[in-house]
Protein chains: 2
Amino acid sequence: MSRARLSDVAAAAGVSISTVSLVLNGRVARISSQTQDRVREAAASVGYTPNSVARGLRTQRTRTIGLISDRIATTPFAGRMLAGAQDVAREHGHLLFLVNTDGDADVEAEAVRALAGQQVDGMVYAAMWHRVVDAPAGLPAGTVFLDCRPSSGGFPAVVPDDRTGGRDAVRLLVEAGHRRIAYVDVDEDDPPVAAGLRHEGYLEVLADAGIEPDPALHVRQESSAAGGRAAAAALLDLPADRRPTAVFCFNDRMAAGVYVAAHRRGLDIPGDLSIVGYDDQQLVAGELDPPLTTIALPHYEMGRWATEVALGVREPPEGGRPHLMPCPIIRRDSVGPPPAAAPTPAGGEPLTTP
Amino acid sequence: MSRARLSDVAAAAGVSISTVSLVLNGRVARISSQTQDRVREAAASVGYTPNSVARGLRTQRTRTIGLISDRIATTPFAGRMLAGAQDVAREHGHLLFLVNTDGDADVEAEAVRALAGQQVDGMVYAAMWHRVVDAPAGLPAGTVFLDCRPSSGGFPAVVPDDRTGGRDAVRLLVEAGHRRIAYVDVDEDDPPVAAGLRHEGYLEVLADAGIEPDPALHVRQESSAAGGRAAAAALLDLPADRRPTAVFCFNDRMAAGVYVAAHRRGLDIPGDLSIVGYDDQQLVAGELDPPLTTIALPHYEMGRWATEVALGVREPPEGGRPHLMPCPIIRRDSVGPPPAAAPTPAGGEPLTTP
DNA sequence: CACGATTGCTCAATCGATTGAGCAGTCAAA
DNA sequence: TTTGACTGCTCAATCGATTGAGCAATCGTG
């Protein structure tokens, strides 16, 4: 038995196809309620489900949206971004086409063509780290960039507000009384945009607090637990008066390495060393001992935002600048006052947020 | 400027729509090569991309497949499964519809209807943990179950071979010389299928090696690092002669907890205690110190398998039993011989694999 | 009672492709 | 020269819905 069509419902209800279509689409202004009931009953009894392909051809709206992303496989963040996109799509009666390109330009071009061929109503182009990307050729106007900034303008985009996130992280430490705060940065040829922005946030808060930044406290390592451990080792080898009492890490993985280095030296967290991470990577931050205070990346919200803009239910900001999504502060147990040996600075006036 | 249609190409090439369609679909048996060239040039010059919606309506094949999954957001494994599905879809010129249901039955039913309405050529129903699920009503015949077993029969399914995985894990320890091997199990009302199967594998290898299982070495805790830590604490509090020299953990997170407990007691891994995990969760297993030996879950391969069956390019096994996907052994550095204080049993004969 | 407005429904074109049937024209064989 | 086969291409129906135009019956009003 093949699927029921509109004509099957029409035959069962004893009316025309047009009438069935009008009733089932709610355009019932001029249809008697008896007829409406008969049509609805007939539709239910034959188990009618509209054929979206035929409808899409006729209306030129397919109620689908395309999501192109590089490497969904290898990042723990993809899930939340997809979930945000997927939830918005569902809320608006849309279905999501997902294409994973692994960053391959040919695959990307093919995906753009295929999705255009499917007549998607909207398109989202997602990266898995905040960075600048070249828009693939043929990308339809109105494509929304998710967690990345297009190098050529004209596309709406949403990225995490890493600068404010960096400020919040460091402010947590300054407000706990720390003055010697290190930044464990990532060391790559092509550093993520986020690294620079978080560093700017770091410097801004130090400036606000009247703390002279110490270049020795800005260390770079590879973005991993091993890198964090090496960075921490270098910092903890500094002479006592130059040693940091707190560390802000580019991400939670590096923070995990800082934990290891600190524990190996018998240091207590946060008693001897306070640590703030970034990303709120559950399996890392939540299971460290003590649990890591960190800044969360708003992947779910960014996924939602991008999809809402792609669907046209939300207006992108004026001026073509990327929308900055706030990064929530996740207070756990890795921040405390500096150790007594490095006393709290006297007479600090309360910090103000510009 | 709207998209080019077949009729635009036909006009540009000075031939009929039929001819263009035949040429572009490679049915050129009776088309002169001059005409073919003209058509292809015309198609390129107007930038023609076939309208998949119209084609789908006519041919009744949409070249799409639907993937329904519960909670893609909250598991680190979803990515690899999706990547496997996505890669197969792309290799066969298909596009993937992704729906995340969060386990909600209403959303699930809605998704099934919507995907049927989109006339998908195949359907995959995925869970994020190996378990028994009730097939939602209306699921098309031939839907493939991914990482779960349908409670009612008739559907092809693929799940990890957890029993063999458990065997492999424990054999690693037995072959290193261990005789007192604990199993840190998960303690839940509705334990995952995997837990039972891995335990069976554990018991089988012990039996093969002539080791009497000690109930005190089978401990249950919640599936987290904290649970693993508590379990390890209990095991390490056992009198010396009953204490395990090796631990097989239900998963890597629990293994991470065992590390913490061991380190707190000043135990060396693997010198004093050998540990094998399960899942190969990169951010956990790979970044422990020392890196954790574990059994990987073949999510990518399962995603591929399911999608190949859904597409009809691979035959499911006879007899309707789920396909068991092998779980690779990931040898890292957390397994060694038992400490000298608990000497290797004398005269062990070589193990044989049945 | 006639006429226009309103109500309730149907006709038929349309979206953009695919494809079996069929139409000229050419060529070889009879 | 006729016939049949073959070549090269086009016609037109079709997939399953949506929708503006329009028809017939009823109603209200002057």
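Numbered from 1 within each chain, the chains take letters A, B, ... in sequence-line order. No hydrogens, no waters, no symmetry mates; every other heavy atom, side chains included, goes into these values. All figures in this text were calculated on a predicted structure; none of them were measured in a lab.
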For nucleotides 23-28 of chain D, give me every protein contact, N/O to N/O, under 3.5 Å, one pair per line with atom names.
none

(request) Counting heavy atoms from C-beta on, name the nucleotide in C:dA17, D:dT10, D:dG16 closest to the side chain of B:Arg55. (result) C:dA17
(request) Please determine, for the side chain of A:Arg27, which listed nucleotide (C:dT18, C:dG16, D:dG20) has the closest atom? (result)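 My answer, after comparing the listed nucleotides, is D:dG20.
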Could you tell me the separation between the [atom1] atom of [X] and the [atom2] atom of [N], rounded to a whole number of Å?
| X | N | atom1 | atom2 | value |
| --- | --- | --- | --- | --- |
| B:Gln34 | D:dC9 | CD | P | 8 Å |
| B:Ile17 | D:dA12 | CD1 | C1' | 11 Å |
| B:Gln119 | C:dA17 | CD | C1' | 15 Å |
| A:Arg3 | D:dC15 | CZ | P | 15 Å |
| A:Arg61 | D:dG16 | CZ | C1' | 19 Å |
| B:Arg63 | C:dA17 | CZ | P | 16 Å |
| B:Leu57 | C:dT18 | CG | C1' | 10 Å |

Under 4.0 Å between a side-chain N/O of [X] and OP1 or OP2 of [N], yes or no?
| X | N | answer |
| --- | --- | --- |
| B:Ser32 | D:dC9 | yes |
| A:Ser21 | D:dA17 | no |
| B:Arg58 | C:dG16 | no |
| A:Gln60 | C:dG16 | yes |
| B:Thr35 | D:dC9 | yes |
| B:Ser18 | D:dC9 | no |

(request) Indicate, with a heavy-atom threshold strictly under 4.0 Å, whether B:Thr59 touches base, sugar-phosphate, or nothing. (result) sugar-phosphate
(request) Give one of base, sugar-phosphate or nothing for B:Val53, where a contact means two heavy atoms less than 4.0 Å apart. (result) nothing
Is there a donor-acceptor contact under 3.5 Å from the side chain of [X] to the main chain of [Y]?
| X | Y | answer |
| --- | --- | --- |
| B:Asp104 | B:Asp106 | yes |
| B:Asn100 | A:Gln86 | no |
| B:Asp70 | B:Met128 | yes |

(message) Any non-hydrogen side-chain atom of B:Val132 less than 4.5 Å from a side-chain atom of B:Cys148?
(response) no
(request) Kindly indicate whether the side chain of B:Val112, heavy atoms from C-beta on, has any atom under 4.5 Å from the side chain of B:Met123. (result) yes
(request) Hey, can you tell me if A:Phe145 and A:Phe155 have their rings parallel, tilted or perpendicular (30° and 60° cut-offs)? (result)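 Rings of A:Phe145 and A:Phe155: tilted, as their planes differ by 30° to 60°.
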(message) Among residues at least two apart in sequence or on other chains, which ones pass ring pair (Phe, Tyr, Trp, His ring centres under 6.0 Å) with A:Tyr48?
(response)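 A:Tyr48 satisfies ring pair (Phe, Tyr, Trp, His ring centres under 6.0 Å) with no residue once adjacent residues are dropped.
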(message) Applying ring pair (Phe, Tyr, Trp, His ring centres under 6.0 Å), can you list everything that pairs with B:His299, at least two apart in sequence or on another chain?
(response)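 B:His299 satisfies ring pair (Phe, Tyr, Trp, His ring centres under 6.0 Å) with B:Phe77 once adjacent residues are dropped.
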(request) Heavy atoms only: give me the nearest A:Ile65-A:Val124 pair and the separation to one decimal. (result)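 For A:Ile65 and A:Val124, the tightest heavy-atom pair comes out as CD1-CG2, 4.0 Å.
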(request) Considering non-hydrogen atoms only, spot the tightest contact between A:Ser151 and A:Ala135 and give its length. (result) OG-N, 4.5 Å
(request) Let me know, please, whether A:Asn51 or B:Gln36 comes out on the 5' side of the other along DNA chain D by nearest nucleotide. (result)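 The answer here is B:Gln36.
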(request) For the helix from C:dC1-D:dG30 to C:dA30-D:dT1, measure the angle between the helix axis at one end and the axis at the other, each built from five pairs, rounding to 10°. (result) 60°
Name the atoms and distances for all side-chain donor-acceptor pairs under 3.5 Å in residues 88-99 of chain B, with sequence neighbours left out.
{"unit_1": "B:Arg90", "atom_1": "NH2", "unit_2": "B:Asp87", "atom_2": "OD1", "d": "3.4"}
{"unit_1": "B:Glu91", "atom_1": "OE1", "unit_2": "B:Arg304", "atom_2": "NH2", "d": "2.8"}
{"unit_1": "B:Glu91", "atom_1": "OE2", "unit_2": "B:Arg304", "atom_2": "NH1", "d": "3.0"}
{"unit_1": "B:Glu91", "atom_1": "OE2", "unit_2": "B:Arg304", "atom_2": "NH2", "d": "3.4"}
{"unit_1": "B:His92", "atom_1": "ND1", "unit_2": "B:Val88", "atom_2": "O", "d": "3.0"}

(message) Quiz question: by atom type and distance under 3.5 Å, do the side chains of A:Ser16 and A:Thr19 form a donor-acceptor pair?
(response) yes
(request) State, without any angle test, whether B:Gln118 and A:Arg63 hold a side-chain donor-acceptor pair at a distance under 3.5 Å. (result) no
(request) Within residues 4-12 of chain A, find the residues that approach DNA chain C with a heavy atom at under 4.0 Å, and present them sorted by residue number. (result) none
